[in-house]
Structure formats: structure tokens, C-alpha cells
A.B. asks: 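Before anything else, here's the structure in question.
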Amino acid sequence: MTTEQPCCAPGARHPRTPVPLGLGSPRLPRADAATPRASVVDTLVEVPGGSFVMGHDGADGHASDGEGPAHVVELRPFRIMRTAVTTAQFAEFVDATGYRTEAEAFGWSFVFAGLLPDDFPPTRGVAATPWWRQVEGADWRHPEGPHSSVGDRADHPVVHVSWSDASAFATWAGLRLPSEAEWERAARGDVVGAHYPWGHEREPGGEHRMNVWQGEFPRHNTLDDGYLGTAPAGAFPANGLGLHNMTGNVWEWCHDWFAVDTYRSSPRVDPVGPVAGLQRVMRGGSYLCHESYCFRYRVDARSSSSPDSSAGNIGFRCVS
């Protein structure tokens, strides 16, 4: 079962066949916590084990996304990257392995029209969200197409990566993608019962603490938070655990398959979503989220896309 796609994510690249059901309960892939790759060791932050309340029952959320019921979850301790995987980190992986992303294999990816130059040639759009453009040659090295590069964005989160690409990086790094529960626990930090990693107010004291759309979407961005596209992965203050940009900036892939009714049947201890599905969970929202249509830049919001999908606002971080 899938949910409506938020307007700040373009949706699936194409329909996919359901993955066959396996036997038993879903499992997280094994990751050797003792030997993560040296270049990522210093990026890992400890998250204590224990219980927390996951999900959201309020009317201000998106019930169609399966945000509720709010429920108690218990997790073992784990470690998570301080920021989303950066372009520089992903480049190290590609240089070491020769890996080719799915966007490169398909030859195109989704780019937000507002980031394209005025004289950019006409391209196919997404019917329900025409601000998303199918751009030939858009990939992690060329975020807005062949005319662009990541030369000055080494410290920005890598984008145009599918769930499969993110999983490949995680395996190479000796890590794995977080479960949805682990992601939410880390995003909440030491704050209880709030929408944001720092508390209840989106902009406490008028201070912008994340990169989301400011102004009228999609026509005008006031840039009050300083960014039109991605911000550096370490921009804005960290939460209580020392993690940056758990909301806004880029959507982050989680390990779990997505289902609207996940929270109604998931186990209390170390839950890992359904055993199969059509789409994988994404969390955190992105620089294109706006309260008027996509109030998903919250620690308790969820979305999804097919595992081969990529766009200029989708990235990831890993855990151990």
C-alpha cells in the first residue's frame, strides 16, 4: 500500500513489481560496527538505547501518510552519521569502486524547475507536480544537468541517489541505512513530543534552523533561511545529539519498506517495517517543503518513493 506523493518529492521513476514476500520477520542488514570505513568513523554519533514515543496523532499532520498512532518504541544503542552523506564522501566511494548510480544508468533524474536557467531547453514534467523536470544528464555529479557541477558543493549532501545507491554506499562503508525508528529517535535527540529536533517552534526567536521553502511555493522563495537549493550538510545548529539537518535540506532514505498501517502492527522492540513493498521510507523533508502544501519537515512525518527513484532533493545518512 502506498500513499499520495508530497508535492516536494517527484514520485516514483516508474511503476515497479512488488518484491516477493519473504519468510519470517523483516531484518536489518548486518553491519560490522567494529570496522566502519576510516573516513566515516569520526562522523558517527552515539545514540543511547531506550524507549521513546514514535509517530504523531495530531490533526496538523498527514494521516494519509500513516503517521499514527503514536506509540512507544524501544531501541538498542546505535551510532549515526552526524550529517547526511556529502558529495565528497560519495565521490570517495565512487573513486574506490567505480560505482555507477541509477540516475547515471537511466540517463536522467528529477530536477526542480526553479534551479534551472531561464534558457534551459524544454523538458518533460511531472503531471501532478509540474515544477519537477525530467533532466537528461542530471546525476550526483551534475545536480541540475550537464551544465552544472558539484565543484563548490563538496560539503553539501549528495543528491540524485536512489535507495539502491544509498545501500551500496552503506555496504562499502561498513554501515547500513537506518530503520525508520532509528531515524526518528536520532532526529528527536533529547527533545520529547515536539515536531522539530530543537523543540516546538519552527523558528524560535525568529532564527531559521533548517533549510525549507520560504515565501510562496513554487513561484517565489524569499531565501530568508539563506538557501534556494541544498545547504551544506553541517549548516544550521545541531540537535541535542550533535546531528545536523535532520529536518529540511534533503529527504533521507531509510531501510524500511513503506506501508500506511506500519505503526498499527509493528513490534515494540527494534521495529523494521514490513517484509516487502513497492516503496521505501524517506524522512525529514527537504529544501522544497512548505507548510502550505507539504508540512513534512518534521521529525514525526514520513514519506516514500520507489527504490530506484532519484531527485535533486533526496539524500541519506548511515548508521552502525
Side-chain angles (χ1 to χ4, degrees), residues 26-49 75-105 139-143 149-187 189 230-235 238-239 241-246 249-256 270 272 280-284 307-308 310 313-320:
R27 294 285 189 271
L28 288 169
R30 294 190 62 178
D32 188 347
T35 59
R37 193 160 294 272
S39 59
V40 300
V41 168
D42 291 341
T43 74
L44 296 172
V45 173
E46 298 283 345
V47 181
L75 294 175
R76 290 171 292 181
F78 61 96
R79 295 184 292 172
I80 187 168
M81 293 181 73
R82 190 178 304 277
T83 71
V85 172
T86 65
T87 297
Q89 289 168 327
F90 199 79
E92 180 187 0
F93 159 60
V94 171
D95 290 345
T97 63
Y99 184 83
R100 191 168 180 238
T101 63
E102 293 199 281
E104 291 170 295
D139 56 45
W140 73 273
R141 287 190 180 92
H142 309 96
S149 75
V150 291
D152 61 350
R153 288 181 261 186
D155 61 345
H156 285 229
V158 66
V159 291
H160 296 295
V161 286
S162 68
W163 183 93
S164 302
D165 300 331
S167 296
F169 174 95
T171 299
W172 170 81
L175 305 172
R176 60 174 172 81
L177 295 180
S179 70
E180 186 175 10
E182 287 172 333
W183 189 96
E184 184 168 329
R185 164 66 184 97
T230 58
N239 73 358
L241 292 175
L243 308 177
H244 295 270
N245 290 314
M246 294 299 290
N249 215 24
V250 295
W251 286 100
E252 297 185 8
W253 289 113
C254 292
H255 168 78
D256 303 25
D270 295 322
V272 191
R280 296 283 187 173
V281 172
M282 300 189 304
R283 285 301 208 110
D308 65 349
S310 63
N313 68 338
I314 301 177
F316 69 102
R317 75 181 75 204
C318 301
V319 303
S320 171

A.B. asks: Do the side chains of Arg76 and Asp270 get close enough for a salt bridge, i.e. N-O under 4.0 angstrom?
C.D. replies: yes
A.B. asks: Say you draw a straight line from OG1 of Thr43 to CG of Leu175; how long is it, rounded to the nearest 0.5 Å?
C.D. replies: 7.5 Å
A.B. asks: Ion pair present between Glu252 and Arg317, side-chain N to carboxylate O less than 4.0 angstrom?
C.D. replies: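 A salt bridge links Glu252 with Arg317.
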A.B. asks: Return the set of residues passing side-chain hydrogen bond (donor to acceptor under 3.5 Å, both in side chains) with His160 (not counting sequence neighbours), or none when no residue passes.
C.D. replies: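 side-chain hydrogen bond (donor to acceptor under 3.5 Å, both in side chains) check on His160 returns Ser109.
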A.B. asks: Is there a donor-acceptor contact under 3.5 Å from the side chain of Asn245 to the main chain of Ala235?
C.D. replies: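 Yes; judged by distance alone, with no hydrogens or angles, the pair exists.
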A.B. asks: Just how far is it from atom CZ of Arg283 to atom SG of Cys254, taken to the nearest 0.5 Å?
C.D. replies: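 Arg283 CZ to Cys254 SG: 6.5 Å, rounded to 0.5 Å.
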A.B. asks: Measure the shortest side-chain to side-chain distance between Leu44 and Met81 over non-hydrogen atoms and say whether it is less than 4.5 angstrom.
C.D. replies: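 A side-chain contact under 4.5 Å exists here.
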A.B. asks: In plain terms, say whether Glu182 and Arg176 are close enough for a salt bridge, that is, a side-chain N and a carboxylate O under 4.0 Å apart.
C.D. replies: yes
A.B. asks: Hey, what's the ring geometry for Phe93 with Trp172, parallel, tilted or perpendicular (30° and 60° as the breaks)?
C.D. replies: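 Plane angle between 30° and 60°, so tilted.
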A.B. asks: Verify whether one side chain among Glu102 and Ser310 offers a donor that lies under 3.5 Å from an acceptor in the other.
C.D. replies: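 Side-chain D/A pair, Glu102 to Ser310: absent.
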A.B. asks: For Ala187, what residues pass the side-chain contact (heavy atoms from CB on, under 4.5 Å) criterion, not counting sequence neighbours?
C.D. replies: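 With sequence neighbours excluded, Ala187 shows a side-chain contact (heavy atoms from CB on, under 4.5 Å) to Trp183, Met246, Val299, given in chain and number order.
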A.B. asks: Which word best sums up how the rings of Phe169 and Phe316 line up, parallel for under 30°, tilted for 30 to 60°, or perpendicular for over 60°?
C.D. replies: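 It falls in the perpendicular class, over 60°.
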A.B. asks: For residues Ser39 and Gln89, determine if any side-chain heavy atom of one lies less than 4.5 Å from a side-chain heavy atom of the other.
C.D. replies: no
A.B. asks: Would you tell me whether His156 and Thr87 have side-chain atoms, one donor and one acceptor, within less than 3.5 Å of each other?
C.D. replies: no
A.B. asks: Looking only at atom types and distance, does a side-chain atom of Arg280 sit under 3.5 Å from a main-chain N or O of His255, one as donor and one as acceptor?
C.D. replies: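 Confirmed, Arg280 side chain pairs with His255 backbone.
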A.B. asks: Can you measure from CG (Asp139) to CD (Glu104) and round to the nearest 0.5 angstrom?
C.D. replies: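 Going from the CG atom of Asp139 to the CD atom of Glu104 covers 4.5 Å.
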